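Shown next, in structure tokens, is the structure this report addresses.
Note that the coordinates shown come from a computational prediction; the quantities given were computed from them, not determined experimentally.
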Amino acid sequence: MLFIVKPVNIYAETLALINAMGVITCCYWIDDPRDFPRAIKNSHGFSLCFTNDKNTVEKYRAEGVNAHYLPSAVDSQTFRPLNTSKRYPVSFIGTCADYRKGILNKVEHNVNVFGPGWKKQCSRADPLHPRKPVFGSKTCQVYNQSIINLNIHMWHGIGSAMNLRLFEVPACQAFLLTDWVDEIDEHFTPGINIEVWRDTDELNDKIRFYIAHDASREKITRASFDHVRRYHTYNNRCQMIMQHLKEYV
């Protein structure tokens with residue numbers, strides 16, 4: 001089997017030669033539905049196509065692609081609890097975008113923002129603290145050092161999928177406060193092993209509450225850590241992939 005995440009640089013002729021050798025070829029798109037226009041152009045010819053967005057599966061199939069739902073997950077060796085102190089009351093890690101900036105500018109608590117574009121896009125009037133972009137182990141460090149980690153999906157309003165933060169932050173045994181997307185209900189229990197917000201008023205209310213109530217925050221943090229480590233690692237996803245392979249063969 002050949003398994004490629006976001007295969008934008010493989011030629012169709014190369015893929016055809018690999019298929020002719022009897023190799024099962026798989027692609028995995030982890031930024032649907034936002035990435036769908038590019039993904040559909042690069043998915044034809046693969047034996048199996050996986051997407052992180054459940055609602056996008058039928059769009060692929062309508063275009064003749066053998067698509068299946070595969071939620072995002074976490075590498076629990078990269079994202080794990082660290083023995084470190086809290087440095088940031090509220091943090092957000094991610095690329096700057098107008099939608100995200102509009103939300104964060106309405107947050108009543110100052111937010112530390114890590115990611116490409118923030119220093120260029122933020123003015124002194126913005127209640128944001130731009131930091132250097134972080135990746136890999138540095139991302140894990142910031143998650144561990146933050147009292148509250150915020151999440152804002154890039155595809156808010158157009159898709160139901162969960163992004164990587166839904167799994168990476170809890171795997172660090174850190175607290176996540178995420179915007180609502182429909183697939184959360186299938187994989188988490190809000191208020192028990194995840195905490196969500198649906199508008200900026202609720203976001204501000206919950207930031208105030210969880211900053212002030214350590215015990216409530218830590219209870220959800222522990223539950224989300226146990227839940228993600230049990231059900232949402234790449235080992236779990238590999239089992240799903242193997243089941244689809246059995247059905248395909």
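L164 CG to F79 CZ: the interatomic distance, rounded to the nearest 0.5 Å, is 7.5 Å. Taking NE2 of H153 as the reference point, atom CG of D31 lies at 10.5 Å (rounded to 0.5 Å). Within the model, atoms CG of L104 and CD1 of I152 stand 4.0 Å from one another, a figure rounded to the nearest 0.5 Å. With rounding to the nearest 0.5 angstrom, the CH2 atom of W180 is 3.5 Å from the CG atom of D185. Summarising the geometry, atom OG1 belonging to T200 is positioned 10.0 Å from atom CD belonging to E202; distances are rounded to the nearest 0.5 Å. Between atom CZ of residue R229 and atom OG1 of residue T233 there is a gap of 8.5 Å, rounded to the nearest 0.5 Å.
Linking Ile, Leu, Val, Met, Phe, Trp and Tyr whenever their side-chain heavy atoms come within less than 4.5 Å leaves Y210 and I192 in two separate clusters. In terms of hydrophobic clustering, with Ile, Leu, Val, Met, Phe, Trp and Tyr side chains grouped at heavy-atom distances under 4.5 Å, L15 and Y28 are assigned to different clusters. L17 and I24 are not part of a single hydrophobic cluster, where members link through side-chain heavy atoms under 4.5 Å apart. There is a path of hydrophobic side-chain contacts, each under 4.5 Å, that joins V107 to I147. F50 and M162 sit in two unconnected hydrophobic clusters of ILVMFWY residues. Membership requires side-chain heavy atoms under 4.5 Å apart, directly or through other members.
Put simply, the side chain of L2 does not reach to within 4.5 Å of the side chain of C26, judged on heavy atoms. Contact annotation: the side chain of V57 never approaches that of H68 to less than 4.5 Å [non-hydrogen atoms, C-beta and beyond]. The side-chain heavy atoms of N163 and M154, taken from C-beta on, include no pair separated by under 4.5 Å. With a 4.5 Å cut-off on side-chain heavy atoms, K132 and K138 do not count as touching. A 4.5 Å side-chain heavy-atom check between F46 and I10 finds at least one atom pair inside the cut-off. Residues V181 and L166 are not in side-chain contact: their nearest non-hydrogen atoms beyond the backbone lie 4.5 Å or more apart.
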Chi angles and distances behind the side chain to side chain contact (heavy atoms under 4.5 Å, CB included) call for R230, N236: CA-CA 8 Å; R230 182 175 181 181; N236 300 116; over 6 Å; no

Pair I40-K59, side chain to side chain contact (heavy atoms under 4.5 Å, CB included): steps then yes or no: CA-CA 9 Å; I40 192 60; K59 293 183 179 179; over 6 Å; no

F188 and V228: CA distance, side-chain angles, deciding distance, side chain to side chain contact (heavy atoms under 4.5 Å, CB included) verdict: CA-CA 9 Å; F188 292 89; V228 165; 3.9 Å; yes

Stepwise side chain to side chain contact (heavy atoms under 4.5 Å, CB included) test for I220 and F175: CA-CA 7 Å; I220 291 179; F175 183 79; 4.1 Å; yes

S160 vs N55, side chain to side chain donor-acceptor pair (under 3.5 Å): CA-CA, chis, key distance, verdict: CA-CA 7 Å; S160 62; N55 288 343; 3.3 Å; yes

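Between F36 and Y60, the ring planes are perpendicular. Angles over 60° get that label, and only those under 30° would be called parallel.
The heavy-atom pair separating N19 from G45 by the smallest distance is ND2-O, 2.7 Å. Considering every non-hydrogen atom in both S146 and K86, the closest pair reads O-NZ, 3.3 Å. Closest heavy-atom contact between C140 and N144: O-ND2, 2.8 Å. I148 and I211 get closest at one heavy-atom pair: CD1-CG1, 3.7 Å. Taking both residues in full, the closest heavy atoms of R165 and L176 are given as O-CD2, 3.5 Å, listed atom of the first, atom of the second, then distance. For the pair P7 and C27, the tightest heavy-atom approach, listed with the atom from each and the gap, is CG-CB, 3.6 Å.
Using a cutoff of 4.0 Å between basic side-chain nitrogens and carboxylate oxygens, E58 and R61 are scored as salt-bridged. Looking at E195 and K206, a side-chain N of the basic residue comes within less than 4.0 Å of a carboxylate O on the acidic one, giving a salt bridge. Salt bridge R217/D214: present, at least one basic N to carboxylate O contact under 4.0 Å.
Side-chain N or O atoms of D126 include one that pairs as donor or acceptor with a backbone N or O of S123 at under 3.5 Å. Put simply, the side chain of H213 gets close to the backbone of F209: a donor and an acceptor are under 3.5 Å apart. Remark: side-chain polar atoms of T139 are paired, donor with acceptor, to backbone N or O of V134 under 3.5 angstrom. Distance alone, capped at 3.5 Å, places no donor-acceptor pair between the N112 side chain and the S91 backbone.
For the 3.5 Å distance criterion, the side chains of W29 and T56 fail to qualify, holding no donor opposite an acceptor. Between D32 and T51, the side chains place a donor N or O and an acceptor N or O closer than 3.5 Å (distance only, hydrogens not considered). A side-chain donor-acceptor contact under 3.5 Å links T178 and N151. No side-chain donor-acceptor contact under 3.5 Å links S72 and N52. Under 3.5 Å, the side chains of Y248 and N66 contain no donor-acceptor pair of N or O atoms.
Taking a 6.0 Å sphere around NZ of K6, one finds it holds more than 12 heavy atoms contributed by other residues, nucleotides or ligands. Other residues, nucleotides and ligands contribute at most 12 non-hydrogen atoms within 6.0 Å of the CE atom of M242. With a 6.0 Å radius and a threshold of 12 heavy atoms from other residues, nucleotides or ligands, E247 has its CD atom above the threshold.
Within the structure, ring pair (Phe, Tyr, Trp, His ring centres under 6.0 Å) pairs that include any residue of residues 104-147 comprise Y88-F114 (at least two apart or interchain).
No close placement of the H187 and Y231 rings is indicated, their centers lying 6.0 Å or farther apart.
By the 6.0 Å and 45° rule, R34 does not stack over the aromatic ring of Y99.
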